Amino acid sequence: MPLTALEIYQRLLTAYGPPRWWSEDPYTVLFQAVLVQNTAWNNVEKTTAAIGSRMTPSYISLISLEKLEDMIRPCGFFKAKARTIKALTAWFEERKETIRTMSTEAIRKELMDIKGIGEESADVILVYAFHRSSFIIDAYTRRFLSRLGLDFRSDDERKAFFRSTLRENAEIDGFFHWLMLDHGKMRCRKTPECQDCPFSDECNYTKIR
């Protein structure tokens, strides 16, 4: 029988240990969730380290779009990302005092109304910035499930699979996503590193080698 979502989570925890949390600062999560689109995480870390203490809603709101573009240029697609960050910052400044009273669905809808915020970025922000349960599906997760022979037709079906044995909980959602990132970077790459993989007994890629 295929592994359940809970069994997958338990194997990831055993293999990689307790995962980190994105950031305890909500605005850092918002900012980095845009920067990380279509770029490597190390570019995001270098860029935000260079920005340092200036990475605040008040500072980003005041500077020009051109200045922000220069600051985030190493992460690529800097013009589009700067516009998204500006819009997201304005939304955050408007909503930060009342967001705790909003439903998760309402927050997600408003986030996705911002140009440049798709489903994955919205779910990342919900989980890591606002501690709302919203399972994050990314390219690593799709590839991983496919290699296990779990070929779903949509991300909604993938989310339903995870929810079938994992309860709705923001901490679990966040930890699972980070563990999947670790697994995707270390082992389940486009060309995978199968040695010592915790899923080698279930993986179709391993079976056909």
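Keep in mind that this is a model prediction, so the values were computed, not measured. Below, all heavy atoms of this structure are taken into account, side chains as well, without hydrogens, waters or symmetry copies.
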ring-ring contact (aromatic ring centres under 6.0 Å, His included) between Tyr140 and His183, worked out = CA-CA 8 Å; Tyr140 287 123; His183 184 65; 9.4 Å; no
Yes or no on side-chain contact (heavy atoms from CB on, under 4.5 Å) for Arg187 and Asp196, after CA distance, side-chain angles and deciding distance?
-> CA-CA 9 Å; Arg187 291 195 172 99; Asp196 299 323; 3.8 Å; yes
Between Thr165 and Ala5, is there a donor-acceptor pair closer than 3.5 Å when you use the side chain of the first and the backbone of the second?
-> yes
Please check if the side chain of Lys81 supplies one atom and the backbone of Ile72 the other of a donor-acceptor pair under 3.5 Å.
-> no
Measuring from Glu171:CD to Phe176:CZ, what's the distance to the nearest 0.5 Å?
-> 14.5 Å
Considering non-hydrogen atoms only, spot the tightest contact between Lys190 and Arg143 and give its length.
-> CG-NH1, 3.1 Å
May I ask you to decide if Asp182's main-chain N or O and Tyr16's side chain share a donor-acceptor pair within less than 3.5 Å?
-> no
Closest heavy-atom contact between Ala122 and Met112?
-> CB-CG, 3.7 Å
Can a donor-acceptor pair be found between the side chains of Thr48 and Arg54 at a distance below 3.5 Å?
-> no
Minimum side-chain heavy-atom gap Phe31-Leu88 below 4.5 Å = no
Separation of Lys185 NZ from Met180 CE (nearest 0.5 Å) = 13.0 Å
How close do Val44 and Gln32 get, heavy atom to heavy atom, and via which atoms?
-> CG1-CG, 3.8 Å
Backbone of Ser134 reached by a side-chain donor or acceptor of Asp173 within 3.5 Å = yes
How many angstroms lie between atom CD of Glu119 and atom CG of Asp138, to the nearest 0.5 angstrom?
-> 12.5 Å
So, is the end of the Arg158 side chain (NZ or CZ) under 6.0 Å from the ring centre of Phe152 and within 45° of the ring's axis?
-> no
Residue pair Arg83 / Lys79, side-chain heavy-atom distance below 4.5 Å | yes
Taking 4.0 angstrom as the limit, do Lys159 and Asp156 come out as a salt bridge?
-> no
Does the side-chain contact (heavy atoms from CB on, under 4.5 Å) test come out yes or no for Tyr128 and Trp178, once each step is laid out?
-> CA-CA 11 Å; Tyr128 292 105; Trp178 211 270; 3.7 Å; yes
Would you please test Tyr27 and Ile60 for side-chain contact (heavy atoms from CB on, under 4.5 Å) and show each step?
-> CA-CA 11 Å; Tyr27 186 68; Ile60 298 301; 3.4 Å; yes
Let me see the working for Ile85 and Leu68 under side-chain contact (heavy atoms from CB on, under 4.5 Å), right down to the final yes or no.
-> CA-CA 9 Å; Ile85 289 170; Leu68 180 56; 3.9 Å; yes
May I ask you to test the Val34-Ile117 pair for a side-chain heavy-atom distance under 4.5 Å?
-> yes
Would a line drawn from the ring center of Tyr9 to the ring center of Phe162 be shorter than 6.0 Å?
-> no
Pairwise distance NZ(Lys109) to CE(Met102) - rounded to 0.5 angstrom | 10.0 Å
Kindly say whether Leu35 contributes a backbone atom to a donor-acceptor pair with the side chain of Thr39 at under 3.5 angstrom?
-> no
Check the pair Ser121 / Gln37 against side-chain hydrogen bond (donor to acceptor under 3.5 Å, both in side chains), numbers first and verdict last.
-> CA-CA 8 Å; Ser121 296; Gln37 296 171 3; 2.9 Å; yes
Grab the two heavy atoms, one from Arg132 and one from Ser103, that are nearest each other, plus how far apart they are.
-> NH1-C, 3.5 Å
Shortest non-hydrogen separation from Cys75 to Thr47 and the atoms involved = SG-OG1, 3.4 Å
Using the salt bridge (charged side-chain N to carboxylate O under 4.0 Å, His left out) rule, take Glu69 and Arg73 through it: C-alpha gap first, then chi angles, then the decisive distance, then the call.
-> CA-CA 6 Å; Glu69 289 172 1; Arg73 188 178 295 267; 5.6 Å; no
CG of Leu13 to CG of Leu179: how many Å apart, nearest 0.5 Å?
-> 5.0 Å
For Phe175, all residues meeting ring pair (Phe, Tyr, Trp, His ring centres under 6.0 Å), sequence neighbours excluded = Trp21
Side-chain contact test, heavy atoms from C-beta onward, threshold under 4.5 Å: evaluate it for Trp41 versus Leu181 and give yes or no.
-> no
Atom CZ of Phe77 with >12 non-hydrogen neighbours under 6.0 angstrom | no
So do Lys86 and Ile63 actually touch side chain to side chain, heavy atoms under 4.5 Å?
-> yes
Can you find a pair of side-chain heavy atoms, one from Glu202 and one from Arg11, that are under 4.5 Å apart?
-> yes
Would you call Pro26 and Phe92 a side-chain contact if the rule is heavy atoms closer than 4.5 Å?
-> yes
When hydrophobic residues are tied together by side-chain contacts of less than 4.5 Å, even through go-betweens, does Leu65 share a cluster with Ile114?
-> no
Residue pair Phe199 / Leu3, side-chain heavy-atom distance below 4.5 Å | yes
Separation of Phe161 CZ from Ile137 CD1 (nearest 0.5 Å) = 10.0 Å
Kindly say whether Thr89 contributes a backbone atom to a donor-acceptor pair with the side chain of Ser61 at under 3.5 angstrom?
-> no
Quick one: closest heavy-atom pair of Trp22 and Ala33, and the distance?
-> CZ2-N, 4.0 Å
Do side-chain atoms of Glu157 reach the backbone of Arg153 as a donor and acceptor pair under 3.5 angstrom?
-> yes
